[in-house]
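Heads up: numbering here begins at 1 and tracks the sequence. Just so it is clear, the values below take in all heavy atoms, side chains as well, and ignore hydrogens, waters and symmetry mates. Counting starts at 1 for both ligands and their atoms, in listed order.
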Amino acid sequence: MTSKPLFKEYVEAAHGIGLYILGILANKLGVDPAEFDNRHRIEEQSGDHVRLTRGPPRDKEELPEIQTPSHTDFGTITILMNWLGGLQVWSESARKAELLNHEPDVPGEWLWVKPKKGCASEYQFSSVPMPNIQHPTSNTQHALKIDTDVAWASKVINLGDAAVKFTNGVLCAGRHRVIPAPGSQGKYPRYSVVYFVRPENACIMKQLRGPGIPDGPEEESDINAAEWIKRQAVGLGITFKN
Ligand SMILES: O=C(O)CCC(=O)C(=O)O
Ligand SMILES: [Fe+2]
């Protein structure tokens with residue numbers, strides 16, 4: 001398949017998976033799944049995007065060598081594919097859709113999110129250093145294959161700040177960071193393919209109402225998602241040119 005149809009297929013599939021999971025969560029919260037669907041229409045302008053990352057091999061044995069600093073994703077739900085270790089999640093989730101300059105807001109520890117073949121949403125956390133992972137093709141000559149074989153990819157589903165906001169903290173955002181893979185995997189570059197589902201730009205960032213969502217105070221202003229996400233980014237120290 002040429003790259004454009006492949007990219008379209010990937011975007012539609014990733015977006016569909018995100019909304020499918022949000023639909024399940026909506027049902028659990030007693031909210032009509034259409035409430036999420038209507039805020040994340042793929043054809044509307046939004047901050048949805050794909051991120052392709054490549055982290056260089058580990059420089060030294062000692063952890064951590066930060067590649068992506070501690071953060072919660074800004075959007076509603078993230079579909080992440082990776083192949084090597086290096087993703088870590090803070091043991092306590094963030095219930096507030098606020099950024100804290102890369103610092104976790106509650107005591108805890110960094111846990112490895114160990115890649116698991118063909119896996120979606122089933123995390124395998126470990127607070128001890130990750131052992132060398134048995135890999136289907138773990139020698140150098142196959143390193144490229146390891147990095148590009150999508151079928152193998154470990155899929156991780158991450159909830160972001162907008163999910164926290166929409167559910168008044170019932171859904172939490174996992175604070176995470178990326179460091180080069182530990183152990184023998186550290187000699188390979190680390191790739192990830194990430195799809196961020198974000199609310200439509202014009203969506204007013206108010207909590208949803210339903211039996212499973214406690215009523216918060218009435219929002220003071222009708223801020224839209226474009227502006228809200230910009231504020232989240234500014235909170236992380238990102239600057240914008242007008
Ligand atoms: O590379 C990864 O495994 C995670 C990347 C990530 O957290 C992000 O792009 O927001
Ligand atoms: Fe992230």
Considering only non-hydrogen protein atoms, determine which one is nearest to [atom] and report residue, atom name and distance to 0.1 Å.
| atom | result |
| --- | --- |
| atom 9 (O) of ligand 1 | Arg51 NH1, 2.4 Å |
| atom 1 (O) of ligand 1 | Ser192 OG, 2.7 Å |
| atom 3 (O) of ligand 1 | Arg190 NH2, 2.8 Å |
| atom 10 (O) of ligand 1 | His71 NE2, 3.1 Å |
| atom 5 (C) of ligand 1 | Val178 CG2, 4.0 Å |

Salt bridge between Asp222 and Lys206, side-chain N to carboxylate O under 4.0 Å? yes
Check this for me: does any side-chain nitrogen of one of Glu9 and Lys4 sit under 4.0 Å from a carboxylate oxygen of the other? no
Here the vertex angle at the Fe ion (ligand 2) for NE2 of His176 and OD1 of Asp73, given to 10°, is 100°
Do ligand 1 and Thr68 have nitrogen or oxygen atoms that lie under 3.5 Å from each other? no
Looking at every non-hydrogen atom in both residues, tell me the closest pair between Trp83 and Tyr191 and how far apart they are. CE3-O, 3.5 Å
In short, Thr76 meets Pro199 closest at the heavy-atom pair OG1-CD, 3.5 Å
Which of the ligand 1 atoms, numbered from 1, are nearer than 4.0 Å to a heavy atom of [X]:
| X | value |
| --- | --- |
| Asp73 | 10 (O) |
| Phe196 | 8 (C), 9 (O), 10 (O) |
| His176 | 7 (O) |
| Leu80 | 2 (C), 3 (O), 4 (C) |
| Asn82 | 3 (O) |

ring-ring contact (aromatic ring centres under 6.0 Å, His included): pairs with one or both residues in residues 198-233, sequence neighbours excluded: none
Plane angle bin for His40 and Phe166 - parallel if under 30°, tilted between 30 and 60°, otherwise perpendicular: perpendicular
Side chains of Ser46 and Asn201: is there a donor and an acceptor less than 3.5 Å apart? no
Quickly, which of Arg58, Arg177, Arg190 forms a salt bridge (charged side-chain N to carboxylate O under 4.0 Å, His left out) with Glu65? Name it, please. Arg58
